[in-house]
Amino acid sequence: MKAQPIASHFIDGEYVEDTEGAVIESLYPATGEVIARLHAATPAIVERAIAAAKRAQPEWAGLSPTARGRILKRAAEIMRESNRELSELETLDTGKPIQETIVADPTSGADSFEFFGGVIAAGLNGSHIPLGRDFAYTKRVPLGVCVGIGAWNYPQQIACWKGAPALAAGNAMVFKPSENTPLGALKIAEILIEAGLPKGLYNVIQGDRNTGPLLVNHPDVAKVSLTGSVPTGRKVAASAAGNLKHVTMELGGKSPLIVFDDADIDSAIGGAMLGNFYSTGQVCSNGTRVFVQRKIKDTFLSRLKTRTEKIVIGDPLDEATQLGPMVSFDQRQKVLSYIDKGKAEGAALITGGGIPNHVTGEGYYIQPTVFADVTDNMTIAREEIFGPVMCVLDFDGEDEVIARANATEFGLSAGVFTADLTRGHRVADRLEAGTLWINTYNLCPVEIPFGGSKQSGFGRENSLAALEHYSELKTVYVGMGPVEAPY
Ligand code: NAD
């Protein structure tokens, strides 16, 4: 199987190679096979990408929003027409089952281009401020060259969620995908050119933790949007603060999902499974601390165990497969070590807990795993595992569970399942998180803001809120009479 791109980088409308850069091997997680060999960007490549973006941006910002939007909407159409091809590439890049990528990855990227292409004509308007004789007005202006840095769990979606609002607002972008998943973003860059985007506005360069700082510290970069872990977020935010760049930080989480005893139990189990096993558990907003009210604990766990053991693990390119491998050997090792800690610290293993023995080959497979009797101080209840490991914790009362749910440095997401309407809203109001769900979990359509609070980050992706993070206000005061000076 091969997925070798024409070259490693896409700059100023064309593929570019520089073999001086360190080799990045792209492995298919289901087999461990090398499917592409690329090179990390050298400083010369970084300069070239930023220079192209800087040159192209002013003319793009000078177009009418409708003209910009038309190109983005065309890109959305091409993405939908190419959905099968893009989804297969995303599956090769990440190991996620085609059953998921075909409905969740390029399609959500296309939604982003369609949404921002559509709203931009009205979404960037300023205001008129009457001041008696005088008046002022505001306008939203682009920031300039924006940098996007991606994680490996949703490579195409992240490339679009950053690119679409940035371009809609009149910026140019240099995007660096994760070194684990370098392929998808190059296709997005190709599609944007096919849709009519002028050259230089959306550039993709490859690289790792050594490349990122070259972008973040570059004086011509106005904004950095990172999707990644909290430790990386701290470093990137600190560097960006050095020369006062705008930042959006989409970081990790350890989100609570609270199931009250009046909830529709099968829906709650479905929500908890989606919020722990989708994308083999590699989703930042996952509800990995599932608090279940004691009265329904036994029913919840026995039905959860039955449903979890029916999950079809296998070849990600087979449409029947529901759970693929993890993205890399190292990530699987990390998750297995958390499973060992869970066992050692006394959590009850309900199902899973290791490598499935019916999957052969070198793929990075792991069983969907459920621990019960998890307590708040266990390592698996405190740290982000980023794999298919669900921790079930017991609780008795509402005040108690809210206090325990909030007792974390993270604040990305949270969920509550209950049949009591007022309780649902009351609990959502008291949970400390950027995105909350009542009686569902992990749905992130482009229309709603998405992002974290506390250590999970700041800034928002999607919705009109994202436009504010890719633009700034300019205020113009207009004097309508003579200037009255005392001297
Ligand atoms: P990571 O932090 O290791 O890497 C993220 C990206 O940052 C990569 O492209 C990496 O090359 C780059 N990078 C690393 N060090 C850097 C530095 N010093 N300067 C600039 N760039 C640097 O994260 P990951 O392992 O790729 O992804 C998993 C993490 O991402 C998890 O913590 C997960 O929760 C989080 N995540 C968050 C969201 C969200 O929207 N909140 C979405 C997906 C993933």
Side-chain angles (χ1 to χ4, degrees), residues 22 24 38 40-41 46 93-94 96 104-105 108 112 147-162 174-182 184-185 204-218 221 224-242 245 247-255 275 278-288 326-328 330-335 338 383-387 408-413 433-435 442 444 448-462 466 469:
I24 295 177
L38 300 96
V46 171
D93 224 0
T94 60
K96 297 198 290 181
D105 292 88
S108 73
S112 182
V147 159
I149 300 179
W152 39 257
N153 57 343
Y154 280 83
Q156 290 184 26
Q157 181 186 83
I158 293 170
C160 298
W161 280 17
K162 298 192 189 306
V174 178
F175 184 79
K176 188 199 83 60
S178 162
E179 57 277 29
N180 284 318
T181 52
V204 174
I205 66 162
Q206 307 296 342
D208 57 14
R209 62 191 60 241
N210 299 315
T211 320
L214 301 178
L215 293 167
V216 175
N217 295 325
H218 199 286
V221 169
V224 179
S225 175
L226 168 79
T227 298
S229 61
V230 172
T232 304
R234 285 202 188 99
K235 284 185 212 151
V236 172
S239 311
K245 291 182 168 68
V247 281
T248 293
M249 290 285 146
E250 293 291 350
L251 309 177
K254 190 75 195 176
S255 301
Y278 205 69
S279 295
T280 319
Q282 302 162 117
V283 180
C284 51
S285 49
N286 271 354
T288 46
M326 304 221 59
V327 75
S328 66
D330 288 351
Q331 186 63 20
R332 183 178 66 176
Q333 287 308 107
K334 185 178 154 202
V335 176
Y338 274 113
E383 297 182 12
E384 184 183 45
I385 298 174
F386 221 59
T408 167
E409 61 175 354
F410 299 111
L412 187 54
S413 308
T435 310
N442 254 359
C444 297
I448 68 171
F450 178 76
S453 63
K454 295 159 80 175
Q455 297 285 301
S456 293
F458 37 81
R460 292 293 177 265
E461 298 203 294
N462 290 340
H469 295 292

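Each ligand, and each atom within it, is numbered from 1 in the order the structure gives. Just so it is clear, the structure is predicted and the values come from calculations on it, not from any experiment. Just so you know, residue 1 is the first one in the sequence shown, and it goes up from there.
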The side-chain contact (heavy atoms from CB on, under 4.5 Å) partners of Gln455 (sequence neighbours excluded) come to Val230, Arg234, Glu409
Out of all atoms in ligand 1, which are within 4.0 Å of some heavy atom of Leu412? Include the element for each. 41 (N)
A side-chain contact here means heavy atoms from C-beta on lying under 4.5 Å apart; do Asn286 and Asn442 qualify? yes
Students should be able to answer this: which protein heavy-atom is nearest to atom 41 (N) of ligand 1, and at what distance? Leu251 O, 2.8 Å
Heteroatom distance test (Glu179, ligand 1): nitrogen or oxygen, under 3.5 angstrom: yes
Suppose we measure from atom 27 (O) of ligand 1 to each protein heavy atom; which comes out shortest, and what is that distance? Ala151 CB, 3.3 Å
May I ask you to check if ligand 1 and Asn153 share an N or O to N or O distance below 3.5 Å? no
When every non-hydrogen atom of Gln157 is compared with those of Ser108, the smallest separation belongs to NE2-OG, 2.8 Å
Is it the case that ligand 1 has an N or O less than 3.5 angstrom from some N or O of Ser456? no
Any N/O of Trp152 closer than 3.5 Å to an N/O of ligand 1? yes
Does Pro213 come within less than 4.0 angstrom of ligand 1, counting non-hydrogen atoms of the residue? yes
If you have a sec, work out which protein heavy atom is nearest atom 28 (C) of ligand 1 and how many Å separate them, to one decimal? Phe386 CE2, 3.7 Å
At a 4.0 Å threshold, what atoms of ligand 1 neighbour a non-hydrogen atom of Gly252? 32 (O), 34 (O)
Nearest-0.5 Å distance that lies between atom CE in Met326 and atom NZ in Lys334: 8.5 Å
Any heavy atom of Leu226 closer to ligand 1 than 4.0 angstrom? yes
Counting non-hydrogen protein atoms only, what is the nearest one to atom 30 (O) of ligand 1? Give residue, atom name and distance. Gly228 C, 3.0 Å
Please report which non-hydrogen protein atom sits nearest to atom 23 (O) of ligand 1, along with the residue it belongs to and the distance in Å to one decimal place. Ser229 N, 3.5 Å
The protein heavy atom nearest to atom 5 (C) of ligand 1 is Thr227 O, 3.6 Å
Does Thr94 reach the side chain of Tyr154, with side-chain heavy atoms less than 4.5 Å apart? no
Holding to salt bridge (Lys or Arg N to Asp or Glu O under 4.0 Å), I want the full list of residues that pass it with Asp105, two or more places apart in sequence or in another chain. Lys96
Reported CE-to-OG distance for the pair Met249 and Ser456, which is rounded to 0.5 angstrom: 13.0 Å
Polar contact flag, side-chain donor to acceptor under 3.5 angstrom, Lys254-Thr408: no
Here the pair of heavy atoms bringing Pro177 nearest to Ile205 is CD-O, 3.2 Å
What protein heavy atom sits nearest atom 15 (N) of ligand 1, and how far off is it? Arg209 CB, 3.3 Å
Short list, please: which atoms of ligand 1 are under 4.0 Å from a heavy atom of Lys176? 8 (C), 9 (O), 10 (C), 11 (O)
Less than 4.5 Å apart, any side-chain heavy atom of Val174 and any of Leu215? yes
Residue Ser178 vicinity, atoms of ligand 1 by number, heavy atom under 4.0 Å: 9 (O)
Would you mind checking which non-hydrogen protein atom is closest to atom 39 (C) of ligand 1, with the distance to 0.1 Å? Cys284 SG, 3.0 Å
Within 4.0 Å of some non-hydrogen atom of Asp208, the atoms of ligand 1 are 11 (O)
With only distance considered, is Gly150 within less than 3.5 Å of ligand 1 through an N or O on each side? yes
So, is Val236 polar-close to ligand 1, with some N/O to N/O distance under 3.5 Å? no
Tell me the closest heavy-atom pair linking Phe410 and Gly252, and the distance in Å. CD2-O, 3.6 Å
Consider every N or O of Phe450 and every N or O of ligand 1, then say whether any pair is closer than 3.5 Å. no
What about Thr232: any of its N or O atoms under 3.5 Å from an N or O on ligand 1? yes
Examine distances only and state if a side-chain atom of Gln206 and a backbone atom of Ile24 form a donor-acceptor pair shorter than 3.5 Å. no
Backbone, side chain, both or neither: what part of Leu215 comes under 4.0 angstrom of ligand 1, heavy atoms only? neither
First locate atom CG of Asp93, then atom CH2 of Trp152, and finally report the distance between them rounded to the nearest 0.5 Å. 12.5 Å
Which bit of Glu384 gets closer than 4.0 Å to ligand 1, counting heavy atoms only: side chain, backbone, both or neither? side chain
Minimal heavy-atom distance between Val335 and Ile385, with the atoms involved, is CG2-O, 3.8 Å
Ligand 1 atoms in contact with Ile149 (distance to a heavy atom under 4.0 Å): 6 (C), 7 (O), 9 (O), 12 (C), 20 (C), 21 (N)
Less than 4.5 Å apart, any side-chain heavy atom of Phe450 and any of Ser285? yes
